[in-house]
Amino acid sequence: MNISITDGLTLPQKAAVEHVDGPLLIVAGPGSGKTRVVTRRLANLVTTAGISPRNLLAITFTNKASKEMAERVQSLLPGSRIWVSTFHRFCARLLREYGEMVGIKSTFSILDTTDQKQMMRLVLNDLDYDTVHYAPNKVLWRISNAKNDLISPDQFNSRYEDSIADHWQAVIRRVYPAYQQRMLESNAVDFDDLLVHTATLLAENPELRKDLGEHYRYILVDEYQDTNLAQYQIVAALAQQHGNLCVTGDPDQSIYGWRGARIENILRFERDFPTSKTIRLEQNFRSTQAILRSADSLIANNQQRKQKSLLTENDEGQPVQLLCFQDSREESEGVALKIRELVDSGEFNWNQFAIFYRVNALSRQLEMAMMRHRIPVQVAAGVAFYDRAEIKDLLAYLRLIENAADTTAFLRVVNKPLRGLGKTSQNRLLRWAEENHLTLLQAAVRAKEVPKLSKRAIFGFQRFAEMIDGFSLANAGSVGDLLVEVVEKTRYTAAWSGSYNESDTEKMANVEEFIGAARQYDEALGDERSLQGFLEQTALVSDTDWISDESGQATLMTMHAAKGLEFPVVFVIGVEEGLIPHERALKEGDRREVEEERRLLFVGMTRAENRLYLTESRVRAMHGRNVPTIRSPFLQEFECQRVEFGGDGFFADEEWRQPTHDVSKLADIPTLPKLMTGASLLSGDKTAAEIPTGFAIGTQVRHPRYGLGTVVDVGGFGAKRSITVKFPTDDRTETFIASKAPLQPVG
DNA sequence: CGCAATTACCTTTTT
DNA sequence: GGTAATTGCG
């Protein structure tokens, strides 16, 4: 038995598998057999160390990774039940049980980004912010950043109390608490809240921490380099007592910094857990020498990095090729032809190909080319199933049935199908509900009392409320049956059923498919099924969960989505300045961001087993316009063979396309005080550096309506701070209240 | 008062 | 080339 578990492993792999107690850091390079090692280690904990499977907990980032890990553990330990879960799912489960401690009821809804935006709209309207100047997305992004750093509305407020700073801070100080308040009233959480609430829950309840610590005695965290502060806190809390924490990761594959991930978490693991043991898995079993050499040579250009060597005993293989095309259409065609060629030669099958890109927008053209050439593809993204309007509507019905307080769900479906309950009536109901501290559903029941509501609207709201009230899983029996009942009673499909209109039949098909998904859930869960469970499952799926390596299709996805996967043949398309590295990273001029872009390309390249092709195009359509491209500076950092397609040598002169950004000489921009550093939190130092910007006389500012101007006077203090700006364009001078005006300092 | 078509805006990466 | 607010119409 033991023999089989460590069979065929290298020495470091074996050491990792056999490690039992205490903290363990596995630094695993790409293709180093990490999943193999951690699954065998889990098996070893059970079979050799005699630990009960129920005392093990494995946490991953994506559903895909968790599914794979669960399956592989299952095959090593048939019948055992080890909890393998994503961070978000783990948190959701914990909150279902203990959420009351942080103020949420077990029926809470999980809002997706669309619902979040809707919620933010409500909040901004409430606070009289105009959603044109304050795009909900941008506001949400700032709030998300705060949450990733575990900064509560109160902390945010006190942190920026005295700094009038840029008006964004003033806005967020007001919006953040209001948003959280609304979420609480709706008994809803967003993705970030799942982590934040859990972190808070664990931080505030030593008792619970102790219980969970005793339950989950051995914890594994995958992709540790991608954890943010909230996740770090959660993990630390769980492992606090026993220290049996095994983390795996690779700093060179940290690509989620923009989402709050702290590469420092893995870099400081050894300091956080002084008794920890570190094992490096450096031998690559995946790629050819040529591929690995190029990838290694690329990543070596990162300065903020621990030296690491990638080795392989694999064959040299074919050189990495850079395919150069005239335009993006030829690029798609070229990739398609190349795939055809390799398949026709009998060397590869469809499912052995992957095409990666930096932004989803690049997938469309590729998809069309693949269709033209009859190449079967699966695309991770596009219009995700659960993003389709019909599905979201039906989901909103289910959410409302489960959680009567769900404001966004109510507003989404109250007039779908049309019931004559338009914006005006909705707003009246909304206002009245707010004044009387009622949920929208409660208010709808008492619609008679709402001022100025028309007879028709009163009747409509009441009927709607009654209808929702009549639905329940208990009565329907199963989620699928409940869904069918909803569709029938609401006459949701009535307007388009029987229509031969293409979009109508597609909508019908979507609804059918969704009902099918619900029935599948019912079947899988049996007596364990719950509306909540179904909603949780749908809320936490991602676009990439649908791809499978046995589908017999080529795979299209972003490089971010590609992490953890491997394919015999990989194409990375659009390797051009502005795309890889992305212009956003270049604009910031921040070395860290460019280094993250480099890591991203590194991740993409190291997915390849046998063949690696990068492509660039001389012209690329950006924002609907064809723009000449510039060579990616990364292409100078490793060896690859150029192959020109099309053209007539006319553009042989390469001068004009040289990179405009010298990424090798980027200044180390001092990390702007990002509110609070992980280190300061660890050392208990709660002070964070302030960002001392403000509106001084002479400062250049931009106003969305009046354009550029110069501050000529400031007055008042605190919230009453006023700023007088002179706009040269039409010789206008305006005075604003600093905390309310949409003024932005320039430069 | 409510609905539908038209305009304007943005577009990194994801749970 | 997609979505959402805004305007015009019934």
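Between the C1' atom of B:dT11 and the CD atom of A:Gln365 lies a distance of 16 Å, rounded to the nearest Å. Across the protein-nucleic acid pair, A:Asp112 atom CG and C:dT3 atom C1' stand 15 Å apart, rounded to whole Å. Rounded to a whole Å, the CZ atom of A:Arg364 is 8 Å from the C1' atom of C:dG2. Spacing between atom CD of A:Gln426 and atom P of C:dA5 amounts to 13 Å, rounded to whole angstrom units. Between A:Asn427 atom CG and B:dC1 atom P the separation is 11 Å, expressed in whole Å. Following rounding to the nearest Å, A:Lys117 (NZ) and C:dT3 (C1') show an atom-to-atom distance of 8 Å. The interatomic distance linking A:Asp192 (CG) with B:dT15 (P) rounds to 13 Å, in whole Å. Between A:Ile255 atom CD1 and B:dT14 atom P the separation is 9 Å, expressed in whole Å.
A:Tyr216 and A:Trp83 have tilted rings, their planes meeting at an angle from 30° to 60° on a 0 to 90° scale. Ring pair A:Tyr232/A:Tyr224 is tilted by interplanar angle, where 30° to 60° counts as tilted.
Note on A:Asn360: a side-chain N or O is less than 4.0 Å away from OP1 or OP2 of B:dT13. The side chain of A:Thr62 places no N or O atom within less than 4.0 Å of a non-bridging phosphate oxygen (OP1 or OP2) of B:dT15. The phosphate of C:dA4 has neither OP1 nor OP2 within less than 4.0 Å of any side-chain N or O from A:Asn137.
Picking from C:dA4, B:dT15, B:dT14 the nucleotide with the shortest atom distance to the side chain of A:Tyr256 gives B:dT14. When the nucleotides B:dC1, B:dT15, C:dA5 are ranked by their closest atom to the side chain of A:Arg121, C:dA5 comes out on top. Distance from the side chain of A:Thr558 is smallest for B:dT14 among the nucleotides C:dA4, B:dT14, B:dC1. Here the nucleotide nearest the side chain of A:Arg259, chosen from C:dA4, C:dG1, B:dT15, is B:dT15. The listed nucleotides are C:dA4, B:dT14, C:dG1; the one nearest the side chain of A:Ala561 is B:dT14.
Put simply, A:Phe61 does not rest on the base of B:dT15: the two rings are not both less than 5.5 Å apart at their centres and under 30° in tilt.
A salt bridge between A:Glu223 and A:Lys563 is present, with a side-chain N of the basic residue lying under 4.0 Å from a carboxylate O of the acidic one. In this structure, A:Glu536 pairs ionically with A:Arg93, as a charged nitrogen and a carboxylate oxygen lie closer than 4.0 Å.
Put simply, the residue from A:Lys117, A:Arg399, A:Arg121, A:Arg182 that forms a side chain to side chain donor-acceptor pair (under 3.5 Å) with A:Thr408 is A:Arg399.
At a threshold of 4.0 angstrom between heavy atoms, the contacts of A:Asn415 are confined to the sugar-phosphate backbone, with no base atom among them.
For A:Lys138 and A:Leu195, each mapped to the nucleotide of DNA chain B holding its nearest heavy atom, the one lying further toward the 5' end belongs to A:Lys138. Comparing A:Ala457 and A:His560 along DNA chain B, the residue whose closest nucleotide (by nearest heavy atom) sits nearer the 5' end is A:Ala457.
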